[in-house]
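In what follows, a single structure is set out as structure tokens and then discussed.
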Number of protein chains: 2
Amino acid sequence: MPSSGRIPRPSVKRLSLYLRELESRAAAEPQTVSSRELGDALGITDAQVRKDLACFGQFGQPGVGYAYAELTAALRRILGTDRVWNSIVVGAGNIGRAVIKYPRLRTKGFEIIAAFDSDPAIIGTEIGGVRVQPLTELDSTVRTQAVAIALLAVPAPVAQATTDQLVAAGVRGILNFAPVRLAVPAHVSIVSADLTIELEQLAFRLSFSGPEGNGALA
Amino acid sequence: MPSSGRIPRPSVKRLSLYLRELESRAAAEPQTVSSRELGDALGITDAQVRKDLACFGQFGQPGVGYAYAELTAALRRILGTDRVWNSIVVGAGNIGRAVIKYPRLRTKGFEIIAAFDSDPAIIGTEIGGVRVQPLTELDSTVRTQAVAIALLAVPAPVAQATTDQLVAAGVRGILNFAPVRLAVPAHVSIVSADLTIELEQLAFRLSFSGPEGNGALA
DNA sequence: CGTTGTGAAATGATTCACAGCT
DNA sequence: AGCTGTGAATCATTTCACAACG
């Protein structure tokens, strides 16, 4: 039985990084990886890697390491990407269009089955093989296609109202590109992807450890 | 003199959220905000808000709160967004084009002064008012225009090589959209924006606290 | 009164160090 | 010998609680 204690948030983030690292390697390489190797590739300690994995079970063999194929499969299973997630993109502006066409989503099991927009000029058009539907069809599409995930790329002023629609339709997870905090019921998860916030973090590091010379980041 | 001790990474992230919250409010609203108000708006405690701000100085008035205008200005100064950062976009594919056209970057002081790509078909074209240049011109543009920040939106296989070019040219901060970990010298900062990793976090929460019913996230 | 700023306490996460397996 | 899994120790972050201030 897997060790089922508390799971640190940062560990889950790293799980994704472990998987990405494994997937980026030629599958023909040595059948096995050690926590040391994985840690070095990611700039963290080997103990950290082992602790993270230990939250979910025992995947390694003492003296040998982790079997490449097994660990990859285990990580996918843990993260929930060993299946297909029917997803939709809401808002077919610049960001929405780029996301729809991003081929990596499909290879990761996030299947964009529809896009939605309020602009009559683009409703009915096709973007990257996905038909753009009016928002009035959102509810029925989410229900009939069992859509669990929405990628929200609408303008900030309508983000909350659109979210309410999504939640009412039954969406359980939202990747939010709009620069606002969304209020949702407890059973719905939000992950934020605000570009400007990431850039501000960069600006901070540049102006803090740059000119002044001191790099007093914890 | 500002309290200049250790600065927790999470605090810097929240600073951006405080600023976003303040900027989203009508400037005509009450001249003052309390740590309680700000915390409630972001789903964190008032003590957390005060501790975060205390890392950088004393901005509030006991019994009153924080002056809206002063706090906004202080946050911009701390984050380094009270100035213009000359930036470039490298890779004019789907993501690169969306980023170039994202109007919020300019209002936040991140001025995209050029874009670069290796595809002869799009070199010379203009995207959102920005001219696409060949990579051979990267070095001279970065130097003559004092570019500090690059938004890297090239395919994963060439991300590291492109990064090396950027670093050699003098770029000091990179927002990386490619799904790889970039190796850079210590004086260069990297912030990662990998869409698929964010989606995996969402999938994890959905498959973990969903079907099985237990929400054992720390 | 309400609110800030801040030590002290509590909680959370990472690293250490080593027993035990291959 | 090399490596995992894990309790114990260290380090980081958050919350508590309250004195001081307007």
Side-chain angles (χ1 to χ4, degrees), chain A residues 1-18 22 30-72 74-75 78 201 215-218, chain B residues 1-18 22 30-72 74-75 78 201 215-218:
Chain A
M1 173 179 279
S3 339
S4 252
R6 287 277 166 287
I7 298 161
R9 288 270 191 119
S11 292
V12 184
K13 198 79 172 260
R14 283 189 298 265
L15 253 38
S16 281
L17 298 175
Y18 301 150
L22 292 177
Q31 297 292 72
T32 180
V33 206
S34 72
S35 58
R36 171 74 82 97
E37 275 180 89
L38 260 183
D40 285 352
L42 268 79
I44 59 183
T45 68
D46 55 333
Q48 182 76 82
V49 175
R50 294 198 298 277
K51 263 273 156 66
D52 287 342
L53 296 175
C55 292
F56 300 94
Q58 309 196 158
F59 308 104
Q61 227 179 336
V64 181
Y66 300 88
Y68 173 90
E70 276 173 38
L71 185 55
T72 303
L75 287 171
I78 294 164
Q201 300 298 301
L217 251 189
Chain B
M1 174 179 279
S3 339
S4 252
R6 289 276 166 289
I7 298 163
R9 289 270 191 117
S11 292
V12 184
K13 198 78 173 260
R14 283 189 299 265
L15 253 38
S16 281
L17 297 175
Y18 301 150
L22 291 177
Q31 297 292 70
T32 181
V33 207
S34 71
S35 59
R36 172 74 82 98
E37 274 180 88
L38 260 183
D40 285 352
L42 267 81
I44 59 183
T45 68
D46 55 333
Q48 182 75 82
V49 175
R50 294 198 297 277
K51 263 274 157 66
D52 286 343
L53 297 175
C55 292
F56 301 95
Q58 309 196 158
F59 308 103
Q61 228 179 335
V64 180
Y66 300 88
Y68 173 90
E70 278 173 38
L71 185 55
T72 303
L75 287 170
I78 295 166
Q201 301 298 301
L217 251 189

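In what follows, every chain begins at residue 1, and chains take the letters A, B, ... in the order their sequences are listed.
How far CG of B/L38 is from CZ of B/R50: 11.5 Å, rounded to the nearest 0.5 Å. Taken from OH in A/Y18 to CG in A/L75, the straight-line distance is 9.0 Å, to the nearest 0.5 Å. The CD1 atom of B/I44 lies 5.5 Å from the CZ atom of B/R14; values are rounded to the nearest 0.5 Å.
Across the protein-nucleic acid pair, A/Q48 atom CD and D/dT10 atom C1' stand 14 Å apart, rounded to whole Å. Look at CZ on A/R6: it is 21 Å from P on D/dT13, rounded to the nearest Å. The CD1 atom of B/I44 sits 13 Å away from the C1' atom of D/dT13 (whole-angstrom rounding). Atom CD in B/Q31 sits roughly 20 Å away from atom P in D/dG22 (whole-Å rounding). Rounded to an integer number of Å, the gap from CG of B/D40 to P of C/dT3 is 11 Å. A straight line from CD1 of B/I7 to P of D/dA12 spans 14 Å, rounded to a whole angstrom. Rounded to whole Å, atom C1' of C/dT4 lies 14 Å from atom CG of B/D52. In this structure, B/D46 places its CG atom 8 Å from P of C/dT4, rounding to the nearest Å.
OP1 or OP2 of D/dT14 has at least one side-chain nitrogen or oxygen of B/R14 nearer than 4.0 Å. Look at B/S35 and you'll find a side-chain N or O under 4.0 angstrom from OP1 or OP2 of C/dT4.
Taking only side-chain atoms of B/Q58, from C-beta outward, the nucleotide of C/dT6, D/dC21, C/dA13 with the closest atom is C/dT6. Taking only side-chain atoms of A/A47, from C-beta outward, the nucleotide of C/dT22, C/dA17, D/dT15 with the closest atom is C/dA17. Taking the side chain of A/R50 as heavy atoms from C-beta on, and the options C/dC18, C/dT4, D/dT14, the nearest nucleotide is C/dC18. With distances taken from any side-chain atom of A/T45 to the nucleotides D/dT4, C/dT15, D/dT15, the minimum falls on C/dT15.
Taking the nucleotide of DNA chain C with the nearest heavy atom to each of B/G63 and B/Y66, the more 5' of the two is matched to B/G63. Comparing A/P10 and A/Q61 along DNA chain C, the residue whose closest nucleotide (by nearest heavy atom) sits nearer the 5' end is A/P10.
Taking 3.5 Å as the limit, the base of D/dT6 and the side chain of A/K51 contain no donor-acceptor pair of atoms between them.
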Quiz prompt | Test log, rule side chain to side chain contact (heavy atoms under 4.5 Å, CB included), inputs B/S16 and A/Q201 | solution = CA-CA 8 Å; B/S16 281; A/Q201 300 298 301; 3.1 Å; yes

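With hydrogens and angles ignored, the 3.5 Å screen pairs no side-chain donor or acceptor of A/Y66 with any backbone N or O of A/S35.
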